[in-house]
Amino acid sequence: MTCGELTAANIGESVILTGWVGHRRDHGKLIFIDLRDRYGLTQVVIDPERSPESAEAHAIANEARLEYVLRVEGVVVRRLPGKENPALSTGEIEVEAQHIDILNPAKTTPFLIADHVTAEEATRLRYRYLDLRRDTMRKNIVLRHRAVKFIRDYMDERGFVEVETPILTKSTPEGARDYLVPSRTYPGEFYALPQAPQQFKQLLMVAGLDRYFQIARCFRDEDLRSDRQPEFTQLDVEMSFVDEQDVMGLIEGMLIDLIHATTTKRIKQIPFPHISYDEAMRSYGIDRPDMRFGMLLVELGDLARLGTFKVFHDAIDNGGMVKGIRAPGLASSTRKELDALTEFAKSLGAKGLVTLALTPEGPRSPLARFMSEDELRQIITKMGGETGDLILFVADSAKVCNDVLWRLRIKLAEQLKLIDPDEMSLCWVVDFPLLEEIEENGVTRYHATHNPFSGMQPGQEAMLESEPLKVIARQYDIVCNGYEIGGGSIRINKADLQRQIFRLLGLSEEQIDEQFGHMLEAFEYGAPPHGGIALGIDRLVMLLADGETIRDVTAFPKMQTGQDALMRAPSPVTEEQLRELSLAIRLPEKTEQTEQKKAGG
RNA sequence: GGACCCGUAGUGUAGCGGCCUAACACGCCGGCCUGUCACGCCGGAGAUCGCGGGUUCGAACCCCGUCGGGUCCGCCA
């Protein structure tokens with residue numbers, strides 16, 4: 001019998017409940033205890049004058065404190081008329097205690113176990129087992145279970161086979177920093193924890209497994225964010241003899257059903273819209289557009305050349321652009337509010353913000369001094385401005401314009417309450433460039449935007465030599481509410497083409513053979529055309545749960561420093577353990593600067 | 001590696017140069033209470049204001065450093 005299941009239908013039954021003391025309301029004679037377990041809350045009432053046994057129960061209830069573990073024997077009774085609690089599923093009844101055992105007392109907890117009480121992150125994580133007793137946290141963990149269960153069933157029903165791939169594997173040069181595990185038997189050599197099962201799943205396709213998936217743990221030794229943990233879980237999928245539509249169709253269907261099965265949220269648009277990378281950057285300034293609201297970015301183009309406004313002209317002359325965003329109803333913003341927006345923009349790298357307020361009395365803007373009324377009107381028309389709007393411009397490089405405006409767009413939407421919390425907006429971002437140019441130690445080189453295994457649009461192989469940056473990948477990202485929740489591609493399955501990509505990425509023949517020889521070799525034994533996708537389960541569940549951070553949907557997450565506050569990891573190991581692994585610790589030397597500061601105080 | 005925010009009883013907050021002998025709520029301890037449900041009432045304990053240094057007649061409050069947590073950039077799909 002659980003604390004969540006008793007209803008009027010059980011009236012008269014003798015029951016035994018076990019759980020934690022959630023609340024205790026002591027009226028001197030009468031005592032009410034809200035007994036809590038995973039399933040809910042049941043009110044236990046202790047009346048000392050009901051019977052000789054209940055007097056004994058009363059004495060024990062008198063001792064019980066918050067979070068004590070109790071076993072209650074009693075009878076289910078209907079609550080007195082007018083005393084029902086409609087907020088509770090068990091609110092029609094209560095359990096009249098005949099006998100109570102304290103199974104275990106509890107120290108006063110460092111924070112109250114209640115949803116309206118929140119402690120600092122570090123305290124919550126240090127006592128995670130208490131934090132997880134809270135209603136929302138427990139619901140999040142259960143929701144995560146249901147989501148993963150749903151996904152497993154969905155994939156299974158469609159013929160996918162879940163295959164476990166190694167956790168101890170090989171370090172590879174591309175991508176994130178690896179977590180390394182020293183080998184005892186091969187002194188000086190290391191395993192690496194997988195950043196993703198990418199290569200294994202492709203090898204499973206060569207093996208003819210045809211439809212693979214895995215709820216896979218992945219590891220990346222990079223700094224944390226609210227939506228990034230060093231270990232995280234992916235739904236990893238790979239399929240043979242498929243094209244982009246097959247993979248996207250499968251995942252789209254799964255996400256729609258998953259959202260409907262686990263939440264009451266509406267999906268803004270089905271089928272999910274497709275948007276090209278270029279269009280996403282143009283209209284949203286970011287490759288993971290939040291499509292729950294409008295306020296698209298607009299580039300002024302030649303209109304920026306109207307008038308004599310030097311800020312605009314300079315931006316264009318320096319190869320940049322002028323881009324703006326229209327905030328409905330903000331024309332009446334005060335000087336102070338505009339300054340705050342400008343400060344925000346500056347903190348993101350803009351030199352400033354050019355404002356244009358469309359007040360009922362007419363446009364108010366620094367621009368007015370530098371152009372005619374007619375010219376200003378052209379710009380307003382281009383921006384779709386209406387009376388009452390505030391238009392904000394950034395004049396800079398494309399990168400700065402986009403960086404500033406996509407954040408400004410989100411900030412303004414939150415401010416204007418344009419985001420409906422009951423709505424989810426998903427979209428596919430497609431037509432990514434295969435390669436991008438990055439600068440590393442002063443040297444520019446090519447870098448795979450997704451991963452080095454992504455294929456390219458048919459017929460573009462020749463462009464790899466002539467204009468590699470214009471090659472479009474067969475890649476697709478799935479974006480939900482402005483979060484990238486997954487991405488994948490149709491892969492390369494030909495050894496020579498794969499080798500060419502590695503070369504373009506700057507790997508020597510020796511490196512290719514050493515690092516990826518096994519893949520290239522496998523491709524020579526009849527590798528089928530194949531492609532797949534990986535979805536970030538943590539982020540996905542966070543969105544389903546309306547969470548602010550993936551820590552809230554992870555049972556035992558790490559702090560931003562990468563430490564586990566509960567287990568106190570990482571931690572030193574013994575000299576003996578190091579010796580077995582042929583390892584010696586060489587700590588970084590203290591910098592002279594630190595010493596000087598201390599001495600100079 | 002960098003920027004910003006936070007750090008005051010167990011928890012969450014207020015106080016932001018002298019009205020502080022540090023306040024409030026919840027929790028904790030004691031007492032009262034037979035219908036509460038974030039019960040109520042009365043009383044009590046509990047804080048060297050993260051730590052170190054400085055400025056000042058005087059610092060929780062200002063400055064510098066440092067530690068811890070968070071958000072972000074870099075990094076990372």
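So that the names make sense, note that chain A is the first sequence line, chain B the second, and so on, each numbered from 1.
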- [ ] If the plane angle is over 60° it's perpendicular, under 30° parallel, otherwise tilted; pick one for A/W428 and A/F272.
- [x] tilted
Task: Under-3.5 Å donor-acceptor pair between A/R407 side chain and B/C72 base - done: no
TODO: Report yes if a donor N or O on one partner sits less than 3.5 Å from an acceptor N or O on the other, where the partners are the side chain of A/H116 and the base of B/A38; otherwise report no.
DONE: yes
Open item on the list: Could you check whether the side chain of A/D26 and the base of B/C33 have a donor-acceptor pair of N or O atoms closer than 3.5 Å, going by distance alone?
Closed with: yes
TODO: State whether the distance check finds a donor on one side and an acceptor on the other, under 3.5 Å, for side chain A/E94 versus base B/G35.
DONE: yes
- [ ] Among A/T233, A/T165, A/D236, find the residue that satisfies the side-chain hydrogen bond (donor to acceptor under 3.5 Å, both in side chains) test when tested with A/Q214.
- [x] A/T165
Task: No-hydrogen, no-angle side-chain donor-acceptor test under 3.5 Å, A/D178 and A/Q195 - done: yes
Open item on the list: Tell me if the side-chain of A/R220 makes a donor-acceptor pair with the base of B/C76, cut-off 3.5 Å, by modelled atom types.
Closed with: no
Open item on the list: Distance criterion of 3.5 Å, no angle test: do you see the side chain of A/E120 paired donor-to-acceptor with the base of B/U11?
Closed with: no
Open item on the list: On the nucleotide B/G69, are OP1 or OP2 found under 4.0 Å from the side-chain N or O atoms that A/T561 carries?
Closed with: yes
Open item on the list: Any donor-acceptor pair, under 3.5 Å, between the side chain of A/D34 and the base of B/C37, if you only look at N and O atoms?
Closed with: no
Open item on the list: Can you tell me whether the side chain of A/R24 and the base of B/C37 have a donor-acceptor pair closer than 3.5 Å?
Closed with: no
Task: Lys/Arg N to Asp/Glu carboxylate O, A/E238 vs A/K201, below 4.0 Å - done: yes
Open item on the list: Between B/C41 and B/G27, how far apart are the two P atoms, rounded to whole Å?
Closed with: 11 Å
Task: Rounded distance in Å between the P positions of B/A25 and B/C64 - done: 36 Å
TODO: Can you check whether any acceptor in the base of B/G74 is under 3.5 Å from a donor in the side chain of A/R225, or vice versa?
DONE: yes
